[in-house]
Amino acid sequence: MTDATLPYEHNRARRNVVVLTSAQAFLGAQMPMLFVVGGLAGQTLASNVCFATLPISLIVLGSMLAANPLSWFMQRAGRRAGFVLGAGAGATGAAIGAYGLYLDSFPVFLLGSLITGIYMSAQGFYRFAAADTASDDFRPKAISYVMAGGLASAIIGPQLVKVTSQSMIIPFMGTYLAVVAVNLLGALLFFFLDIPRPPVPSEDAPKGRTRWELITTPRILVAVICAMVSYALMNLVMTSTPLAVVGCGFDEGNAADIVTGHVLAMYLPSFFTGHMIARFGVEKVVGIGLVILAAAGAVALQGVALENFFIALILLGVGWNFGFIGATTMLAGAHEPHERGRMQGLNDLLVFGGVTMASLSSGGLMNCSGGDAQTGWMSVNLAMIPFLALAGGALIWLAMRPADD
């Protein structure tokens with residue numbers, strides 16, 4: 001790269017960050033919307049309350065199943081095509097979900113949730129797309145800025161829930177129709193994205209490591225474990241939160257406000273997470289994230305007053321931010337550009353596989369592990385302990401390895 005091209009590359013990277021941050025803000029609003037109402041809607045449709053959070057679980061399952069195909073598609077067709085496809089899937093899934101509510105059909109509603117997972121998977125690649133055109137110095141900041149776009153989604157999403165959840169005769173149907181509109185409008189943002197399509201590899205191009213070789217590389221393995229645990233535990237607790245809040249005597253508005261606080265806490269630290277990584281090192285930031293996740297569980301176990309929910313969910317969001325952004329940065333610097341499609345798809349397959357299991361477990365722990373909502377909420381938070389031990393142990397193991405290993 002010549003000196004003359006550096007300003008252009010720098011400006012392009014920054015413009016892409018602006019586009020992706022806007023997409024995270026606007027399109028990303030649908031995720032807190034669906035996480036607030038998904039379990040509550042499922043509770044009205046499911047014949048067994050243990051399956052109330054199954055709609056959310058299927059969103060995550062759809063994301064896991066879509067991760068590798070989407071990564072492959074983007075490697076060949078480019079980021080823009082992949083992100084437009086994701087928004088189209090988000091609109092389709094929400095439309096089918098609304099139709100399921102109209103029919104009072106849990107299976108149709110679940111089908112919509114599964115398709116929505118394709119959007120969730122595409123959104124997960126926003127952070128990697130930010131790194132595609134960024135310099136080594138700008139990369140952690142680019143990832144952080146894109147994740148910071150979730151601040152707006154934290155406000156837009158839950159407030160739209162308040163306006164739309166009871167706006168039609170059929171509860172929650174208005175929310176799902178609003179999600180359709182968010183996707184159709186938000187897809188237009190990607191026409192301003194300028195990320196070169198990856199070149200077709202030549203016959204003598206480096207093939208890169210196999211998936212097994214990649215995942216057994218110590219730094220990559222620990223990055224994936226920490227990302228998986230951070231995201232899975234955040235999802236485990238957040239999925240149950242609306243059910244716990246309402247089950248403990250509060251209303252849907254309180255649940256929406258708590259989710260707003262949580263999602264703000266997920267993304268607000270992104271303005272300085274990249275700077276922290278650059279100054280203190282990625283391993284320390286990931287470690288701090290795991291400690292804060294543990295603190296969230298400890299606060300939740302102290303009681304079910306409204307302030308306990310707020311503080312626990314805020315800590316949960318901050319812990320996720322440090323753990324997940326840190327692990328993403330660690331991973332982005334541990335593989336070569338020609339390994340990008342293979343590694344990023346594998347990473348998100350594993351991460352969202354863990355998140356799927358957490359989401360599936362959440363409803364059972366919440367509704368079926370005790371006689372009341374408080375007991376279920378305690379079970380959800382106690383379930384965090386072994387996974388935090390796994391991630392913390394992996395991080396310590398990496399730190400103790402020789403520097404050149």
Side-chain angles (χ1 to χ4, degrees), residues 21 24-25 28-36 38-39 56 60 120 123-124 126-127 143-159 161 226-245 254-277 285-302 306-329 351-352 354-355 358-359 362 377 380-381 383-384 387-388 391:
T21 301
Q24 183 87 319
Q30 66 190 284
M31 298 317 300
M33 292 171 72
L34 296 175
F35 274 79
V36 169
I56 297 174
V60 182
M120 185 178 181
Q123 182 181 330
Y126 293 172
R127 69 193 195 278
I143 293 171
S144 291
Y145 292 150
V146 170
M147 300 301 286
L151 281 172
S153 71
I155 298 170
I156 295 169
Q159 296 308 311
V161 169
C226 291
M228 185 163 55
V229 168
S230 298
Y231 213 133
L233 294 187
M234 184 276 292
N235 187 271
L236 173 76
V237 177
M238 187 177 74
T239 298
S240 290
T241 296
L243 298 175
V245 171
N254 296 130
D257 289 337
I258 290 167
V259 170
T260 296
H262 167 68
V263 182
L264 284 170
M266 285 174 64
Y267 296 115
L268 185 60
S270 297
F271 288 110
F272 53 82
T273 306
H275 296 279
M276 288 181 63
I277 291 171
V285 173
V286 173
I288 292 170
L290 296 176
V291 170
I292 297 173
L293 286 171
V299 170
L301 291 170
Q302 298 305 307
L306 206 56
E307 55 267 28
N308 287 86
F309 283 114
F310 269 109
I311 295 171
L313 268 292
I314 287 170
L315 289 172
L316 187 76
V318 175
W320 172 86
N321 182 284
F322 288 176
F324 189 63
I325 291 181
T328 298
T329 303
V351 168
F352 287 112
V355 175
S359 184
S362 186
W377 180 239
V380 167
N381 286 278
M384 298 173 69
F387 301 101
L388 287 169

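In this text the structure is predicted, and so the values were computed from the model without any measurement.
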Novice: Walk me through whether Met266 and Asn321 qualify under side chain to side chain contact (heavy atoms under 4.5 Å, CB included).
Specialist: CA-CA 5 Å; Met266 285 174 64; Asn321 182 284; 5.6 Å; no
Novice: Does Met384 reach the side chain of Leu316, with side-chain heavy atoms less than 4.5 Å apart?
Specialist: yes
Novice: Using a 4.5 Å cut-off on heavy atoms from C-beta on, say whether the side chain of Ile314 contacts that of Ile311.
Specialist: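 Heavy-atom side-chain distance check fails, nothing below 4.5 Å.
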Novice: I'd like to check the side-chain hydrogen bond (donor to acceptor under 3.5 Å, both in side chains) partners of Ser153; sequence neighbours left out, ordered by chain and number.
Specialist: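 Counting only residues at least two positions away or on another chain, Ser153 forms no side-chain hydrogen bond (donor to acceptor under 3.5 Å, both in side chains).
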Novice: For Thr241 and Trp377, what are the C-alpha separation, side-chain angles and deciding distance, and is it a side chain to side chain contact (heavy atoms under 4.5 Å, CB included)?
Specialist: CA-CA 8 Å; Thr241 296; Trp377 180 239; 3.5 Å; yes
Novice: Side chains of Val237 and Val380: does their closest heavy-atom pair fall under 4.5 Å?
Specialist: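 Of all side-chain heavy-atom pairs linking Val380 with Val237, at least one is under 4.5 Å.
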Novice: Flag the pair Thr329 / Thr273 as yes when at least one side-chain heavy-atom distance between them is below 4.5 Å, and no otherwise.
Specialist: no
Novice: For the residue pair Leu290 and Phe322, establish whether any side-chain heavy-atom pair is separated by less than 4.5 Å.
Specialist: no
Novice: Any donor and acceptor pair, going by atom type alone, linking the side chain of Ser240 with main-chain N or O of Ser362 inside 3.5 Å?
Specialist: yes
Novice: Find the distance between CG (Leu293) and CG (Leu233) and round it off to the nearest 0.5 Å.
Specialist: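 Reported to 0.5 Å precision, the distance equals 6.5 Å.
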Novice: Using the test ring pair (Phe, Tyr, Trp, His ring centres under 6.0 Å), find all partners of Tyr145 that sit at least two apart in sequence or belong to another chain.
Specialist: none
Novice: Quick one: are Ile288 and Ile292 in side-chain contact, heavy atoms under 4.5 Å?
Specialist: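 Heavy-atom side-chain distance check passes, below 4.5 Å.
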Novice: Counting only heavy atoms not in Phe310, do more than 12 sit closer than 6.0 Å to its CZ atom?
Specialist: yes
Novice: Once rounded to the nearest 0.5 Å, what's the spacing between atom CG of Leu313 and atom CD1 of Ile258?
Specialist: 6.5 Å
Novice: With sequence neighbours excluded, tell me which residues meet ring pair (Phe, Tyr, Trp, His ring centres under 6.0 Å) with Phe324.
Specialist: Tyr231, Trp320
Novice: Would you please name every residue forming a side chain to side chain contact (heavy atoms under 4.5 Å, CB included) with Leu301, sequence neighbours left out?
Specialist: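 Scan of Leu301 (side chain to side chain contact (heavy atoms under 4.5 Å, CB included), adjacent residues dropped) gives Met378, Asn381, Leu382.
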Novice: Please enumerate all residues that pass side chain to side chain contact (heavy atoms under 4.5 Å, CB included) together with Ile56, with sequence neighbours excluded.
Specialist: Phe35, Thr239, Ser359
Novice: For residues 256-267, which residue pairs pass the side-chain hydrogen bond (donor to acceptor under 3.5 Å, both in side chains) check, not counting sequence neighbours?
Specialist: Lys162-Asp257
